[in-house]
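Working notes, structure below.
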Amino acid sequence: TKLLPVMQSDATMALVTALEKTHAFEPPSVAAYTNRKAQAMMGQQVDMCIACQTLYNSTGPLFSAMHRVPRGGEMYTPLVAVLEHSLLTFTSRVSQRVEYLCRNKTAFFLLNGNVNNNINNSNDRHKQHNRGENKTQFSIDMEMRKPYQQLIQSYFDDHQDLVSTTTATASASTSTPTNITTSNSIDMSSNGNGDQDTTPGLDDEDNNLMKEKENLARELGHLQEFMDFTHAEYDDQFHLCDEDELMRAACLAHSLLVLSGLMELRLDKKSRKNTNAWTNANNKSTTAPRTLQDAIQSIRLQGLSMAKFCRLEVLLQTFQLMSGIHHSSAFLSKDVVRLPSCVNDLGEYLTSTSDSLREAAGNKIAAYSLSSLEQYIPTLLATTVRVVALGEALPPGSTITLNGIEALDRSGSVLYRDLKGATSFENSFWDEELAAECFEYSASFIALMEFDMEELTSYFQNNRDQFEEEDIKLMFVMHGPRRKGDFSHYNTLQNDLHKFALKQLIQDVTKSK
């Protein structure tokens with residue numbers, strides 16, 4: 001009875017002291033990065049930030065005592081109250097840190113909507129963010145992606161209820177998806193009703209590819225404003241993190257996810273082993289205090305929210321860098337094939353970001369932050385093709401040259417190589433099958449720009465279902481190095497296809513008789 005108050009005081013003071021430090025949530029100093037980089041290269045766990053380490057270490061004795069004192073006794077209630085106070089104090093300070101890192105950032109706005117920054121509502125805003133109540137539909141749709149499930153499993157693979165409780169909301173929220181335009185996405189195979197069930201006749205690999213295409217379409221529906229590369233104020237839409245801010249956000253995400261998993265295991269340790277568990281009057285095993293469960297859940301949700309912020313931040317950086325490809329003079333080159341400079345810039349960004357994220361937060365957060373780019377980069381290349389085909393990227397009266405088309409094709413190959421290199425680390429979420437299909441699609445779309453009109457017509461006669469109808473029309477009106485756009489050829493193609501379909505129908509009916 002005399003030791004318990006001392007333990008409570010020590011835990012509170014240690015946490016408060018740690019939270020008051022200026023580097024409480026900072027990644028380790030630059031001097032420590034050499035060892036951390038070596039650890040990251042080997043896939044080893046990266047340490048938590050000081051604040052998370054202190055909370056975990058300082059509350060350890062209290063959790064041990066809580067499992068030993070009688071539930072409902074005179075020592076139990078104040079013990080739980082001190083633990084709850086420590087956790088709530090910590091989550092409140094985390095909310096302030098999140099607001100400091102993410103304030104006015106485009107990614108944060110997309111995930112949380114138009115958050116009211118009025119100081120009078122700051123407490124309510126923090127509570128809503130901790131409980132995940134202010135998530136946008138985009139944030140919910142991000143939780144339907146395969147990499148998000150991989151992220152949860154990588155941190156909580158030995159704690160299945162963490163996975164189920166986190167994904168239940170996402171599954172329910174997407175039962176009635178919003179209408180989404182997929183004209184800028186790659187070869188979408190959505191069935192139109194958002195159904196995520198397995199399609200009969202397809203193996204698991206094909207179903208996974210189809211689901212990821214549908215999930216990409218959902219996300220693109222929230223990013224349409226960033227697909228308009230030719231908008232006069234395009235760059236003004238972006239308020240992005242610098243490298244240091246992204247590393248801090250990644251470190252915070254990793255620390256919170258590790259901490260929540262360790263705290264959850266510590267909270268349920270005795271009841272999980274079914275030995276020395278808390279007992280009620282009937283000597284039946286009972287669960288941990290709900291208030292502590294909710295506080296740890298808040299920490300976990302904050303960590304997942306910051307992980308999504310990191311992924312979206314990398315994605316928006318990729319959007320902004322790729323939006324400049326269509327401005328390149330390489331498309332008009334007649335003598336040599338030159339890569340657009342922004343292609344090399346994006347490759348360097350992916351490589352440096354991969355290294356930085358792994359140093360600050362380990363492989364898991366880095367893997368999630370770089371996930372799905374094997375879908376997005378080909379999609380953005382296809383968007384660039386549409387801009388060039390419409391003539392919006394070139395000087396009046398000029399057309400893309402054969403060298404320009406080759407430069408665009410090489411850009412896809414270079415970006416594939418750079419992205420695969422940036423994600424070639426242990427436990428990466430790189431999807432080889434998805435990458436091959438998406439980059440192959442964008443390469444085929446780029447190749448259409450080189451055809452003459454006869455070749456283009458012949459190609460679409462045999463590969464009608466490979467591209468969206470609007471993209472087919474666009475290719476027929478595009479002025480290329482070997483053809484002049486003429487929409488009448490598209491009408492002729494349509495008539496020929498209708499005649500062929502009618503002929504086949506008549507033959508089938510005749511055979512059936």
Side-chain angles (χ1 to χ4, degrees), residues 22-30 32-33 36-37 39-41 46-52 94-112 129 138-139 142 147-148 151 154-155 223 226 235 237-258 302-323 342 345-373 376-377 418-419 421-423 425 427-430:
T22 56
H23 59 287
F25 293 100
E26 293 288 329
S29 63
V30 176
Y33 273 156
R36 288 171 63 80
K37 186 172 183 178
Q39 290 180 338
M41 294 298 178
V46 175
D47 292 336
M48 295 182 287
C49 63
I50 291 176
C52 291
V94 168
S95 295
Q96 296 176 26
R97 177 67 173 177
V98 169
E99 189 167 345
Y100 169 76
L101 290 174
C102 305
R103 182 184 302 151
N104 299 326
K105 297 295 189 293
T106 305
F108 188 73
F109 172 77
L110 289 171
L111 293 173
N112 298 279
H129 183 267
F138 184 27
S139 179
M142 288 178 69
Y148 185 79
L151 175 71
S154 67
Y155 277 101
L223 297 170
F226 303 104
D235 289 335
Q237 301 175 101
F238 295 92
H239 299 280
L240 305 174
C241 295
D242 57 31
E243 183 179 1
D244 289 339
E245 290 173 330
L246 182 59
M247 291 177 68
R248 292 188 179 102
C251 176
L252 181 59
H254 168 73
S255 299
L256 294 174
L257 291 174
V258 171
Q302 287 175 318
L304 291 171
S305 178
M306 289 306 298
K308 288 191 286 186
F309 174 83
C310 292
R311 181 197 164 216
L312 187 52
E313 180 67 28
V314 173
L315 181 58
L316 291 175
Q317 292 275 7
T318 302
F319 267 73
Q320 188 176 46
L321 287 169
M322 290 201 66
S323 68
C342 54
D345 293 341
L346 178 57
E348 293 174 1
Y349 170 76
L350 293 173
T351 301
S352 63
T353 298
S354 175
D355 291 341
S356 299
L357 289 173
R358 291 163 66 194
E359 291 174 8
N363 288 6
K364 297 174 184 178
I365 293 296
Y368 181 65
S369 298
L370 295 168
S371 66
S372 299
L373 289 180
Y376 273 99
I377 288 178
D418 291 341
L419 177 59
T423 56
F425 51 84
N427 300 321
S428 169
F429 295 167
W430 168 266

Inset, instruction - Rounded to the nearest 0.5 Å, what's the gap from OG on Ser305 to CG on Asn112? Could you check? - result: 5.5 Å
Inset, instruction - Taking all heavy atoms of Ala360 and all of Met247, pick out the closest pair and write down the distance. - result: CB-O, 3.6 Å
Legend entry - Side-chain H-bond candidate by donor/acceptor type, Gln302 with Ser95, under 3.5 Å: yes
Legend entry - Close side-chain approach of Leu350 to Ile377, heavy-atom, < 4.5 Å: yes
Legend entry - Heavy-atom donor-acceptor pair, Glu245 side chain to Asp242 backbone, under 3.5 Å: yes
Inset, instruction - Of all the heavy-atom pairs spanning Lys364 and Ser154, show the shortest one and how long it is. - result: NZ-O, 2.9 Å
Legend entry - Close side-chain approach of Leu316 and Phe238, heavy atoms under 4.5 Å: yes
Inset, instruction - For the pair Phe226 and Phe319, name the ring-plane relationship: parallel under 30°, tilted 30 to 60°, perpendicular over 60°. - result: perpendicular
Legend entry - Sub-4.5 Å side-chain heavy-atom contact between Arg311 and Ser372: yes
Inset, instruction - Any chance you could measure Met306, atom CE, to Arg248, atom CZ, to the nearest 0.5 Å? - result: 11.5 Å
Legend entry - Closest contact, heavy atoms only, Leu321 versus Cys342: O-CB, 3.5 Å
Inset, instruction - Could you walk me through whether Arg97 and Glu26 pass the salt bridge (charged side-chain N to carboxylate O under 4.0 Å, His left out) test, one step at a time? - result: CA-CA 10 Å; Arg97 177 67 173 177; Glu26 293 288 329; 2.9 Å; yes
Inset, instruction - Would you mind reporting whether Tyr148 and Lys308 have side-chain heavy atoms less than 4.5 Å apart? - result: yes
Inset, instruction - Give, for atom CG of Leu419 and atom OG1 of Thr351, the distance between the pair rounded to the nearest 0.5 Å. - result: 9.5 Å
Inset, instruction - Would you confirm whether Ser371, through its side chain, and Tyr368, through its main-chain N or O, come within 3.5 Å as a donor-acceptor pair? - result: yes
Inset, instruction - Answer yes or no: is there a side-chain heavy-atom contact under 4.5 Å between Leu373 and Thr423? - result: no
Inset, instruction - For the residue pair Leu101 and Phe25, establish whether any side-chain heavy-atom pair is separated by less than 4.5 Å. - result: no
Inset, instruction - Dump the intermediate steps for side-chain contact (heavy atoms from CB on, under 4.5 Å) on Val314 and Tyr376, then the final yes or no. - result: CA-CA 11 Å; Val314 173; Tyr376 273 99; over 6 Å; no
Inset, instruction - Working to the nearest 0.5 Å, report the span between CG of Leu240 and CG of Asn104. - result: 12.5 Å
Legend entry - Close side-chain approach of Arg358 to Phe425, heavy-atom, < 4.5 Å: yes
Inset, instruction - Look up atom CD in Gln317 and atom OG1 in Thr353, then write down how far apart they are to the nearest 0.5 Å. - result: 7.0 Å
Inset, instruction - Not counting sequence neighbours, which residues clear side chain to side chain donor-acceptor pair (under 3.5 Å) with Thr106? List them please. - result: none
Legend entry - Val46 backbone acceptor or donor facing His254 side chain under 3.5 Å: yes
Legend entry - Heavy-atom side-chain proximity of Cys310 to Leu246 below 4.5 angstrom: yes
Legend entry - Ala253 versus Gly303, closest heavy-atom pair with distance: CB-O, 3.7 Å
Inset, instruction - Take Cys52 and Val258 through the side-chain contact (heavy atoms from CB on, under 4.5 Å) test and state the conclusion after the steps. - result: CA-CA 9 Å; Cys52 291; Val258 171; over 6 Å; no
Legend entry - Non-hydrogen atoms of Ala307 and Ile365 that approach each other most closely: CB-CD1, 4.0 Å
Legend entry - Test log, rule side-chain contact (heavy atoms from CB on, under 4.5 Å), inputs Tyr155 and Leu151: CA-CA 7 Å; Tyr155 277 101; Leu151 175 71; 3.6 Å; yes
Legend entry - Stacked cation flag Lys105 on Phe309, 6.0 angstrom / 45 deg: no
Inset, instruction - May I ask you to decide if Cys49's main-chain N or O and Ser255's side chain share a donor-acceptor pair within less than 3.5 Å? - result: yes
Legend entry - Reported OG-to-CG distance for the pair Ser428 and Leu370, which is rounded to 0.5 angstrom: 7.5 Å
Inset, instruction - Evaluate the side-chain contact (heavy atoms from CB on, under 4.5 Å) criterion for residues Phe138 and Met142: first the C-alpha distance (whole Å), next the side-chain angles of each, then the deciding distance (0.1 Å), finally the verdict. - result: CA-CA 6 Å; Phe138 184 27; Met142 288 178 69; 3.9 Å; yes
Legend entry - Where Ala422 and Ser354 come nearest, the two heavy atoms and their spacing: O-OG, 2.6 Å
